[in-house]
Amino acid sequence: MAKVPVQFMLNGSEKAEFVESGTTLLNALRDKIGDTSPKGGCHQGTCGACSVIIDGELRLSCLTLAETCIGADIKTTAGLAEGGVLHPLQRAFLDAFATQCGFCTPGMIMAAKVLLDRTPNPSREDVVEALSGNICRCTGYEPIIQAVLLAARANSQNAA
Amino acid sequence: MSLALQTFSTVKDASAALQAAGSRYLGGGTLVVRAANEGDVSVSSLVRVADPGLSRIAVSGGKVRLGASATMAAIARHPELAALAPAARAVGGPAIRNMATVGGNLFAPAPYGDFAVALLALDATVFTEDGEMPIETFLTGRDTSRVIVTAVGFSLPSMESFRFLKVSRVKPKGVSVLSIAALLQRTADGTVTSARIALGCMADRPIRALATEKALLGSKLTPQEIAPALAAAGEGITPITDPIASAWYRAEVLPVHLGRLLSQ
Ligand SMILES: Cc1cc2nc3c(=O)[nH]c(=O)nc-3n(C[C@H](O)[C@H](O)[C@H](O)COP(=O)(O)OP(=O)(O)OC[C@H]3O[C@@H](n4cnc5c(N)ncnc54)[C@H](O)[C@@H]3O)c2cc1C
Ligand code: FES
Ligand code: FES
């Protein structure tokens with residue numbers, strides 16, 4: 001199978017790799033580039049564990065071909081912490097016990113991040129809607145919803 | 001599994017490549033990449049067109065033209081397409097809506113195709129490389145179609161005339177038990193002068209509720225007048241059975257939900 005070059009920005013740094021044509025972004029990130037923060041839960045678009053942010057929009061990396069991301073700006077949960085300091089969403093997930101096995105967490109955080117980037121003070125309904133494509137088998141969702149609301153409050157206090 | 005992606009800058013070149021055996025067009029990929037991930041070996045190459053024009057949404061003089069690559073998210077947030085937003089928002093969760101295209105939805109087998117149900121009620125025209133056709137003709141022939149859809153066009157409905165309902169069991173987002181779209185033109189006193197009603201999950205693709213449409217003509221949508229239209233709703237349906245619901249269940253609840261939509 002012919003290999004194709006792909007190049008994109010990942011969490012602010014440029015990445016270039018050769019992948020087999022038809023490789024999903026999820027597999028390229030995990031197996032080639034070594035960013036294992038997006039998780040492969042279903043490879044069918046149903047669980048949301050593979051969610052990443054491409055050019056500011058939430059997408060499923062399991063259904064996105066790496067070749068279609070050439071030149072794109074990709075963000076994953078692995079790029080959120082700065083110099084060992086957790087991102088407010090990561091902090092809130094810990095404080096609100098929103099992560100148990102942790103498998104859904106990176107996808108949940110990506111979905112929550114695009115929400116808070118656009119809607120800094122979301123309602124509970126906004127949060128539920130934003131997370132509606134992400135499945136969690138552990139927490140029962142309530143702690144996750146609370147964590148996102150907590151992060152929003154922490155952000156607005158910092159801004160004030 | 002091996003899958004080759006070919007990218008073309010024009011629809012014409014992509015169309016030529018699509019004639020090869022084993023090749024499929026790639027829209028947002030939510031169905032076709034999913035199929036490849038599941039091990040569908042009938043797809044060996046994917047063809048896509050990198051023309052931003054295919055994502056264009058144009059609204060002018062009461063006419064709407066949605067490029068085939070326009071996403072559900074782009075439609076849902078378009079300020080002039082508020083009447084269509086409920087149908088666009090009915091598709092999947094936020095990430096799916098950022099990827100799912102109009103073109104792909106036209107091909108999506110039931111229980112998917114919620115947006116295509118809306119397009120059928122709106123009597124959309126489907127534009128392809130080879131010309132244009134009414135959506136009903138398109139839907140009938142879609143299984144053997146090898147042409148690339150470039151856009152859909154329709155008259156923008158008013159908020160009052162267009163109604164959409166999707167019923168699912170998982171809240172807030174889930175696969176359809178059924179979906180219904182209704183375009184109702186009414187006079188000032190509420191009399192229905194024309195009705196076009198489309199149903200999702202009542203066959204393997206969106207279909208019209210022709211008997212119900214007929215029964216509604218001349219009515220004022222009072223409960224007494226709606227009753228015969230609901231009784232006729234089962235005519236010509238062959239609902240799907242899937243893990244969400246059986247064909248029997250879907251047929252049983254169709255009149256209930258249709259009744260709610262009509263008496264809104
Ligand atoms: C988790 C999940 C949830 C979903 N929920 C819903 C839902 O609630 N409602 C719903 O309606 N759908 C749903 N879907 C199905 C799907 O996402 C949508 O139907 C979507 O609109 C399909 O568009 P796409 O661009 O992703 O299609 P693709 O996967 O790119 O293509 C689908 C088919 O259409 C063909 N095709 C696509 N575009 C064109 C074109 N322009 N010309 C010719 N052929 C074309 C492709 O070759 C392929 O055969 C869901 C899917 C997933 C994975
Ligand atoms: S792995 Fe992509 S949605 Fe489950
Ligand atoms: S914490 Fe285990 S799946 Fe969500």
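Chain letters run A, B, ... following the sequence lines, proteins first, then strands; residues in each count from 1.
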B:Leu66/B:Phe127 under side chain to side chain contact (heavy atoms under 4.5 Å, CB included): CA gap, chis, key distance, verdict
CA-CA 10 Å; B:Leu66 305 174; B:Phe127 296 91; over 6 Å; no
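- Annotation: the span from B:Leu139 atom CG to B:Ile207 atom CD1 amounts to 11.0 Å, rounded to 0.5 Å.
- B:Leu5 touches chain A through backbone and side chain together, each having a heavy atom under 4.5 Å away.
- Of all heavy-atom pairs between B:Ala68 and B:Val149, the closest is CB-O, 3.1 Å.
- At a heavy-atom separation below 4.5 angstrom, chain B is approached by A:Cys62, A:Leu63, A:Thr64, A:Leu65, A:Glu67, A:Thr68 within residues 61-68 of chain A.
- Of the residues A:Met108, A:His87, A:Arg118, the one that meets the side chain to side chain contact (heavy atoms under 4.5 Å, CB included) test with A:Lys113 is A:His87.
- For the pair B:Arg34 and B:Tyr112, the cation does not sit on the ring face, since its NZ or CZ is not both under 6.0 Å from the ring centre and inside 45° of the axis.
- Counting heavy atoms from C-beta outward, A:Asn155 and A:Pro120 have side chains that stay 4.5 Å or more apart.
- B:Leu31 does not touch chain A: none of its heavy atoms, backbone or side chain, sits under 4.5 Å away.
- The interface of residues 78-96 of chain B with chain A, defined by heavy-atom distances below 4.5 Å, comprises B:Gly93, B:Pro94, B:Ala95, B:Ile96.
- Side-chain polar atoms of A:Thr119 and A:Asp126 form no donor-acceptor pair below 3.5 angstrom.
- Between B:Ile135 and B:Val152 there is no side-chain heavy-atom pair separated by less than 4.5 Å.
- For the atom pair CZ (B:Arg142) and OG (B:Ser145), the distance works out to 10.5 Å, reported to the nearest 0.5 Å.
- Here the shortest heavy-atom pairing between A:Lys75 and A:Asn11 reads CA-OD1, 3.2 Å.
- Residue-level contacts of residues 24-37 of chain A with chain B, in order of numbering, are A:Thr24; threshold 4.5 Å between heavy atoms.
- For B:Arg24 and B:Phe107, the positive end is not near the middle of the six-membered ring at less than 6.0 Å and at most 45° from its axis.
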Please list every donor-acceptor pair under 3.5 Å in which a side-chain atom of residues 49-59 of chain B meets a protein atom from a residue at least two apart or in another chain.
| residue | atom | partner | partner atom | Å |
| --- | --- | --- | --- | --- |
| B:Asp51 | OD1 | B:Gly53 | N | 2.8 |

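- From B:Met72, atom CE reaches atom OG1 of B:Thr30 across 9.0 Å, with rounding to the nearest 0.5 Å.
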Is there a salt bridge (Lys or Arg N to Asp or Glu O under 4.0 Å) between A:Glu57 and B:Arg97 once you walk through the steps?
CA-CA 10 Å; A:Glu57 290 199 334; B:Arg97 287 198 290 280; over 6 Å; no
